[in-house]
Amino acid sequence: MRVGLIGLGLMGYQIGYNLAMRNIDLVVYNRTIEKAEKLSKEVPVRVASSPGDLVSLSDLILLMLADDEAVEDVVFGSDFMKYCREGKTVVNLSTVTPDLNLRLNREVARHGCSFLESPVVGGPSQAKAGRLILMISGDKGVYEKVKGHLAYIGEKHIYLGDIPRASILKLLANSIFIGIATYTAEILALAEAYGLGDHLVDLLKSTKYSPIIELYLSRFKDPDHPKTFTLRNAAKDLTYAEITFNRSRYPAPLVSAAANLLLEASRTDYAEEDYGKIYTYLVKQVLKASGESK
Ligand SMILES: NC(=O)c1ccc[n+]([C@@H]2O[C@H](COP(=O)([O-])OP(=O)(O)OC[C@H]3O[C@@H](n4cnc5c(N)ncnc54)[C@H](OP(=O)(O)O)[C@@H]3O)[C@@H](O)[C@H]2O)c1
């Protein structure tokens, strides 16, 4: 089975590296071609000239793109669909809205291709090690056919039945991961304004909340902390969660508050930096507000 991978950002690049290192016959495509060329110098991969070129060369097509807009541009705004036909399977690993995965499922099926949604948990280092967690929805038979190959990306699979259950589980999980980080950043920034930042950290480290503070401290405060997940994508995930929850059972006001805050921060120069920069952004906001209130 030849595998095609579209999207070589922070995650896709490492997924591609890992698959090629496992001797998977791999073809890649990225909008910014230099990233594909860089990967092809590191590991044996073929570089496709367009999304359609990649689809025509692949049996299993993986998408690892930023957001709804990126997936729509690639799938509906290029030659992608022209080469989608029976026998091929498209798996969307990107975190997108449940509505978009439902639409992709319909449109891809109209062209005779199979479709699965499979958002992931884990960052670039888990991607490189083939240790991502995959949440998967779509036809069980299709999943059985490709699950051996998906296991190269990560062995833990949570199969959830109908689309878009996997998308919803991913948005619920990220509302916890990103929500806790955002809330913690806000309170730490406030503590700095009171001159109590170090004391709060010290206090928390002496309680059972110590793992939470340890989890985020270097991400927030170490200027050399590597970028593994952008502020733009964190804001996008919580915005998609907000839209999804608002439309269904309960409007989830805390998710909306975190989404709005991250969206504001992602309108600054921090957008393409690691999402830990939410702390630096909030420290500045708090200092500004304290200056204004004097
Ligand atoms: N990073 C993480 O820790 C993590 C963990 C779990 C899930 N995710 C999810 O996985 C997905 C990828 O994440 P990432 O961190 O790899 O993101 P990223 O570094 O921002 O990479 C985004 C990718 O999408 C492409 N792209 C963006 N807009 C496009 C457009 N309009 N047309 C074509 N291609 C476009 C980019 O191409 P260019 O190179 O040309 O810009 C790049 O390949 C996202 O949905 C994210 O939420 C990320």
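Just so you know, ligand 1 is whichever comes first in the structure, and atom 1 is the first atom listed for that ligand. Just so you know, residue 1 is the first one in the sequence shown, and it goes up from there.
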Can you list the steps and then say if L100 with V71 is a side-chain contact (heavy atoms from CB on, under 4.5 Å)? CA-CA 9 Å; L100 179 60; V71 173; 3.9 Å; yes
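Proximity of R232 to ligand 1 is not established, as no heavy-atom distance is less than 4.0 Å. The shortest heavy-atom distance from L8 to ligand 1 is under 4.0 Å. Within the 4.0 Å heavy-atom cutoff, G122 counts among the residues contacting ligand 1. Using a non-hydrogen distance threshold of 4.0 Å, D67 does not register as a contact of ligand 1.
A cation-pi geometry, defined here as NZ or CZ lying under 6.0 Å from the six-membered ring centre and within 45° of its normal, does not hold between R106 and F115.
Ranking protein heavy atoms by distance to atom 39 (O) of ligand 1, first place goes to K35 NZ, 2.6 Å. Looking only at protein heavy atoms, the nearest one to atom 1 (N) of ligand 1 is T228 O, 2.7 Å. Of the protein's non-hydrogen atoms, M11 CG, 3.6 Å is the one closest to atom 48 (C) of ligand 1. Scanning the protein for heavy atoms near atom 30 (C) of ligand 1, the closest one is R31 NH1, 3.2 Å. With hydrogens left out, the protein atom closest to atom 31 (N) of ligand 1 is D73 OD2, 2.9 Å, a heavy atom. The closest protein non-hydrogen atom to atom 38 (P) of ligand 1 is T32 OG1, 3.4 Å.
Contact atoms of ligand 1 toward P124: 3 (O) (distance under 4.0 Å to a heavy atom of the residue). Atom numbering of ligand 1 starts at 1 in the shown order; those under 4.0 Å from a heavy atom of D237 are 47 (O). Numbered from 1 in the order shown, with element, the atoms of ligand 1 that lie under 4.0 Å from a heavy atom of A70 read 26 (N), 27 (C), 28 (N), 29 (C), 30 (C), 31 (N), 35 (C). Atoms of ligand 1 lying under 4.0 Å from any heavy atom of V120, numbered from 1 in the order shown and given with element: 6 (C), 7 (C). Residue contact check: V74 has heavy atoms under 4.0 Å from atoms 33 (C) of ligand 1. Set against the non-hydrogen atoms of L65, the atoms of ligand 1 under 4.0 Å away are 11 (C), 12 (C), 24 (O), 25 (C), 34 (N), 44 (C), 45 (O). Remark: ligand 1 atoms within the under-4.0 Å shell around heavy atoms of G7 are 43 (O).
Between the side chain of K88 and the backbone N or O of S58, at least one donor-acceptor pair lies under 3.5 Å. Side-chain N or O atoms of D53 include one that pairs as donor or acceptor with a backbone N or O of S49 at under 3.5 Å. Between the N30 side chain and the A36 main chain, no donor and acceptor come within less than 3.5 Å of each other.
In summary, R247 and D99 engage in a salt bridge, as defined by a charged side-chain N under 4.0 Å from a carboxylate O. A salt bridge does not link R267 with E264: none of the charged nitrogens is closer than 4.0 Å to a carboxylate oxygen. A salt bridge links E192 with K221; the closest basic N to acidic carboxylate O contact falls under 4.0 Å. A salt bridge links D25 with R2: the closest approach of a Lys/Arg side-chain nitrogen to an acidic carboxylate oxygen falls below 4.0 angstrom.
Using a 30° and 60° split on the angle between ring planes, F220 and Y279 fall in the parallel class, below 30°.
An N or O contact shorter than 3.5 Å is missing between G123 and ligand 1 by distance. No N or O atom of M64 sits closer than 3.5 Å to an N or O atom of ligand 1. Residue N30 places at least one N or O, backbone or side chain, under 3.5 Å from an N or O of ligand 1. Considering backbone and side-chain atoms alike, K170 places every N or O at 3.5 Å or more from each N or O of ligand 1. Note: an N/O pair closer than 3.5 Å links A66 and ligand 1 by distance alone. Close N/O approach between T95 and ligand 1 is found [any backbone or side-chain N/O within under 3.5 Å].
Taking each of G77, G9, P51, P119 in turn, the one with a heavy atom nearest to atom 21 (O) of ligand 1 proves to be G9. With distances taken over non-hydrogen atoms, the option nearest atom 47 (O) of ligand 1 out of K236, K227, E72 is K236. Between N233, L63, L10, it is N233 that holds the heavy atom closest to atom 17 (O) of ligand 1.
No side-chain donor-acceptor contact under 3.5 Å links E144 and Y159. Neither side chain, S125 nor R131, offers a donor N or O lying under 3.5 Å from an acceptor on the other. Residues D67 and N233 have side chains that never bring a donor and an acceptor to within less than 3.5 angstrom of each other. Using modelled atom types, one finds no donor on one side chain facing an acceptor on the other under 3.5 Å when comparing T230 with E272.
Taking NZ from K205 and OG1 from T207, the interatomic distance works out to 11.5 Å, rounded to the nearest 0.5 Å.
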